[in-house]
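In what follows, a structure is listed as structure tokens, so that the remarks can point back to it.
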Amino acid sequence: MLHTLRCFFHLIGAQARAQMQYRFNFFAQVFSMIATYMGQFIALSWLTDRFGSIRGWRLEEVILFYALAILAWGFCVSLFFHLVSFEDQIREGLFDRALVRPLNPFIQLLAGHSPIAGTGQLAFSIGAFLWATARAGVVWTPLKLLYLLGVAVGGALILGAALVTVSALGFFTRRTYTFYWTVVYPARQLVHYPLNIYSQVVQWLLTVGLPFAFINYYPAHVLLDRAANLPWPLLAYLTPLVGVVTFAAAYGLWCLGLRSYVGAGS
Amino acid sequence: MEDAIITVENLRKEFRIPRRRPGFLGTLRSLLSPEYEVRTAVDGISFTIRRGELVGYIGPNGAGKSTTIKILTGIMVPTSGRVVVDGLVPYERRVENARRIGVVFGQRTQLWWDLPTIDSFELLRHIYRIPAGVYKQNLELFTDLLGLGEFLNTPVRQLSLGQRMRADLAAALLHNPRLVYLDEPTIGLDVVAKERIRRFIKEINRERGVTIILTTHDMQDVEKLCERMILIDHGRVVYDGPVEEVKRRFGRHRILVVDLEGAPEEVSVEGAEVIRRENGRVWLRFNRDEISAAQLIHRVGQRYNIVDLTLEEPEIEGIIARIYEEGM
């Protein structure tokens with residue numbers, strides 16, 4: 001276990017060094033991302049400005065939802081985004097390399113990409129988050145900070161679980177990009193807005209189907225001291241648990257995929 | 001066998017390939033009730049390999065070579081049969097098996113593309129938990145034998161194919177594996193680079209007693225390196241024995257090359273086939289069971305004036321090519 005962890009950090013470090021060779025790429029990435037988010041952000045603020053509020057949420061509060069979502073996404077991208085292209089590795093036979101080395105192949109997959117590529121996203125996410133919480137008038141207490149940490153990790157795990165699932169499907173099918181762009185990506189966009197603007201069905205889907213509502217919607221209630229308004233206030237505290245459970249389930253699916261890939265039991 | 005490092009018994013691997021029906025309705029039906037076609041890649045292969053052997057594992061594309069190697073390395077689970085590698089069933093104890101073997105896939109590198117070569121070695125040192133002393137000693141030895149010094153600090157993506165292959169070989173051997181699988185280690189290399197790789201393979205087999213399974217399409221590799229070859233076709237072993245024996249058993253054809261005076265218009269000799277002509281030089285292929293070389297030369301001499309002649313022994317290359325084309 002310790003050996004696995006040590007190897008993980010050595011591999012990640014190596015990838016980071018490799019990434020530094022493409023500095024221009026890195027900056028280009030950061031700039032394009034900032035441009036994308038600014039566009040979304042401007043659209044959002046224009047909407048809220050026009051209508052004053054969305055279903056009882058003020059602009060600053062809506063920005064908080066948005067900021068929480070991209071905070072989790074920031075962590076998630078750093079660690080997991082490269083999983084989306086796992087089917088390419090399978091198709092090109094590159095994954096076999098991982099299987100002839102004495103190290104957990106999932107760890108090798110995770111460590112197969114530089115986290116630096118995601119740091120631009122992460123820095124932007126944190127900045128946006130700090131600004132949004134200041135504007136939304138969040139009152140910080142040590143307990144809330146601890147809670148925020150749990151929410152950020154839990155949210156990153158929930159999103160990570162979705163990406164691990166995408167990669168796991170790569171063992172079975174060559175259509176995983178479609179799955180990402182038609183299921184995961186739209187669901188992520190949905191939670192940029194307060195959940196209660198959607199129909200019951202969508203709310204349910206984002207709670208128990210693809211539980212992205214735990215990334216920002218429920219936790220935001222706690223940060224804004226409004227947890228009591230939720231039908232089940234407990235929901236607001238489940239994010240870390242949901243994160244761990246969904247990630248474990250996704251990893252289970254991945255292991256199942258690996259079994260089928262090597263032809264065991266098929 | 002007591003000193004067997006690999007035992008393969010009755011190995012079979014079948015793949016289920018979903019059958020597609022044509023048209024939209026066909027696609028729909030395929031989704032609802034998928035039908036499968038069974039393709040047998042490995043059809044009852046058995047062999048034993050002793051410690052320290054250097055064996056050529058040869059066969060045409062699609063013969064089942066890589067499937068066998070995948071099962072031996074633990075990447076694939078067979079449909080049936082028994083495989084024991086160094087006391088382990090590789091696909092049941094994949095990680096443990098991986099610690100003891102080295103693998104070179106000539107077509108794709110095992111190294112980290114964007115990093116200096118030495119960084120890949122360092123990473124492998126951690127992954128295989130190579131003791132510092134062993135690592136240092138091996139790195140020095142391989143740097144010396146393979147001339148890695150000139151590009152240790154160059155990113156792998158900037159290496160020439162020959163350099164990359166040398167680095168890949170070193171990487172596969174850093175952890176002192178007892179058994180190494182080399183899949184096309186000379187593919188795409190020029191003669192000089194091939195020679196260097198072959199010398200190294202021979203050296204580690206002799207000096208370190210590393211067992212080597214070599215798959216290749218280059219029969220020169222086999223002739224220069226292996227004493228034994230296992231030839232497979234359609235998922236079965238068609239020959240397993242000394243490389244020299246293949247020539248005797250399958251190389252019935254020899255070629256007589258004669259230079260004829262005056263470059264006659266038409267050349268034909270009973271008992272031999274003209275397979276090539278260049279002005280006065282004629283290549284005659286004959287079956288040594290039907291006619292001896294002396295008889296043939298005599299016959300040619302009766303009809304034409306021979307200026308010069310040479311006799312070509314069958315090249316294993318040609319023999320294998322014929323086996324691929326015609327079957328055994």
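In what follows, chains carry the letters A, B, and so on, assigned in the order in which the sequence lines appear, proteins first and then strands, with residues in each chain numbered from 1. The basis for the numbers below is simple: all heavy atoms, side chains too, and nothing from hydrogens, waters or symmetry mates.
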Interface moiety of B:Arg157 toward chain A, non-hydrogen atoms closer than 4.5 Å: side chain
Spacing of CD belonging to A:Gln15 relative to CG belonging to B:Asp114, to within rounding of 0.5 Å: 7.5 Å
Shortest non-hydrogen contact from B:Tyr128 toward A:Val100: OH-O, 3.5 Å
Structural part of B:Leu123 lying under 4.5 Å from a heavy atom of chain A: side chain
Option that, when pairs with chain A are counted at under 4.5 Å, heavy atom only, ranks first among B:Ser120, B:Pro155, B:Ala98: B:Ala98
Region of A:Glu92 in contact with chain B, defined by heavy-atom distances below 4.5 Å: backbone
A:Arg175 CZ: over 12 foreign heavy atoms closer than 6.0 Å: no
Any donor-acceptor N/O pair, A:His3 side chain to B:His126 backbone, under 3.5 Å: yes
Side chain proximity check, A:Val262 to B:Lys70, heavy atoms < 4.5 angstrom: no
Region of B:Arg108 that comes under 4.5 Å of a non-hydrogen atom in chain A: side chain
Flag if over 12 foreign heavy atoms under 6.0 Å of NE2, B:His234: no
Minimum side-chain heavy-atom gap A:Arg101-B:Gln110 below 4.5 Å: yes
Point-to-point distance, once rounded to the nearest 0.5 Å, from CG of B:Asn97 to CG of A:Leu99: 11.5 Å
Residue part contacting chain A, namely of B:Ile71, when any heavy atom lies under 4.5 Å: neither
Engaged part of A:Arg6 at the chain B interface, taking heavy atoms whose separation is under 4.5 Å: neither
Options B:Thr79, B:Thr73, B:Leu115, ranked by heavy-atom pairs under 4.5 Å with chain A, top entry: B:Leu115
Nearest-0.5 Å distance, CG of residue A:Asp96 to CG of residue B:Asp183: 10.5 Å
Side-chain donor/acceptor of A:Arg97 to backbone N/O of B:Thr109, under 3.5 Å: yes
